[in-house]
Amino acid sequence: MTLQLSGYAPSRVDARRAAELRPLVEHFNIEYCAVLDSGHIEEWPRFFAEDCIYRITARENAELGMPVGLVYAEGRPMLHDRAVAISRTQMFAPRTMTHLLSAPRIVGEEGQEIWAQCNYVLLQTLVEGPTTLHLAGTYHDRFVRDGDELLLRERQVIHESSVIANDLVYPV
């Protein structure tokens with residue numbers, strides 16, 4: 001199974017199994033966002049498998065089958081480099097980020113992998129400014145089990161607007 005980045009496809013998981021998997025994915029997403037929202041950017045890569053893909057793409061591109069990303073990282077070392085660069089070389093105004101998440105939708109399961117979707121809204125507050133909507137869209141995720149925990153093998157962040165802030169630096 002591959003991630004479907006646009007349109008609707010029915011879930012391939014029955015309601016009972018989805019109800020069993022949803023708390024695992026929900027817990028993962030809550031912890032993932034808590035790390036980012038608290039500013040602990042260098043901890044962010046630990047949520048990913050070694051052989052991961054992370055991409056941020058506009059919905060328009062995803063719908064055209066062109067998942068060209070604003071941000072693209074392949075493998076945990078690339079994520080680590082990005083996280084260190086952000087945390088140690090901040091060349092932009094101090095800010096806080098706040099993620100708001102929908103309940104996850106379980107769309108598939110095969111072996112040790114789980115496919116899920118979750119809508120997000122990312123708010124940004126500049127130290128001396130108002131809170132603004134920074135980004136909104138959907139996570140399209142492929143998780144792999146690591147013992148009792150989940151890791152992201154792939155996170156495709158699809159954002160709704162083709163017009164975004166020019167300071168998209170933080171992970172989403």
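- Remark: side-chain polar atoms of Arg153 are not paired, donor with acceptor, to backbone N or O of Asp51 under 3.5 angstrom.
- Put simply, the side chain of Val107 does not reach to within 4.5 Å of the side chain of Gln4, judged on heavy atoms.
- The minimum heavy-atom distance between Ser87 and Glu42, with the atom names listed, is OG-OE2, 2.6 Å.
- Heavy atoms only, all atoms of each residue included: Arg95 and Val127 are closest at N-CG2, 4.3 Å.
- Remark: side-chain polar atoms of His159 are paired, donor with acceptor, to backbone N or O of Ala58 under 3.5 angstrom.
- Val25 approaches Pro104 most closely through the heavy-atom pair CG1-CB, 3.6 Å.
- With a 4.5 Å cut-off on side-chain heavy atoms, Thr125 and Thr98 do not count as touching.
- Under the 4.5 Å side-chain heavy-atom criterion for Ile, Leu, Val, Met, Phe, Trp and Tyr, Val84 and Trp44 are members of distinct hydrophobic clusters.
- Within the hydrophobic cluster formed by Ile, Leu, Val, Met, Phe, Trp and Tyr side chains joined at under 4.5 Å, directly or through other members, Val144 is accompanied by Leu151.
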Return all side-chain donor-acceptor pairs below 3.5 angstrom for residues 70-78, not counting sequence neighbours, or 'none' if the list is empty.
| unit_1 | atom_1 | unit_2 | atom_2 | d |
| --- | --- | --- | --- | --- |
| Tyr72 | OH | Glu74 | OE1 | 2.8 |
| Arg76 | NE | Pro45 | O | 3.4 |
| Arg76 | NE | Phe48 | O | 2.9 |
| Arg76 | NH1 | Glu50 | OE2 | 3.0 |
| Arg76 | NH2 | Phe48 | O | 2.4 |

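- Between Met97 and Asp37, the shortest heavy-atom contact is O-OD1, 3.1 Å.
- Ring planes of Tyr120 and Tyr139: parallel class, angle under 30° (limits at 30 and 60°).
- Of the inter-residue distances, the one linking Leu100 atom CG with Leu123 atom CG reads 5.0 Å to the nearest 0.5 angstrom.
- Within the 4.5 Å cutoff, side-chain heavy atoms of Arg145 are placed close to those of Leu150.
- Taken from NE2 in His80 to CZ in Arg82, the straight-line distance is 14.0 Å, to the nearest 0.5 Å.
- Considering only heavy atoms from C-beta on, Leu101 comes within 4.5 Å of Cys33 through its side chain.
- Put simply, OG1 on Thr57 and CD1 on Ile158 are 4.5 Å apart, with the number rounded to the nearest 0.5 Å.
- For the atom pair Asn29 CG and Phe143 CZ, the distance stands at 5.0 Å (nearest 0.5 Å).
- The two residues Ile53 and Gln156 have their closest heavy-atom pair at CG2-NE2, 4.1 Å.
- A distance of 4.5 Å separates CG in Leu21 from CD in Glu109, rounded to the nearest 0.5 Å.
- In this structure, Leu152 is a member of the same hydrophobic cluster as Val35, with clusters built from ILVMFWY side-chain heavy atoms closer than 4.5 Å.
- For Ile86 against Pro171, the heavy-atom pair with the smallest separation is CD1-CD, 4.0 Å.
- In this structure a side-chain-to-backbone donor-acceptor pair under 3.5 Å is missing from Asp146 to Glu149.
- For the atom pair CD (Glu31) and CZ (Arg46), the distance works out to 7.5 Å, reported to the nearest 0.5 Å.
- Screening residues 154-163 for salt bridge (Lys or Arg N to Asp or Glu O under 4.0 Å) gives Arg59-Glu160, Asp141-Arg155, Arg142-Glu154 as the qualifying pairs, with residues at least two apart or on separate chains.
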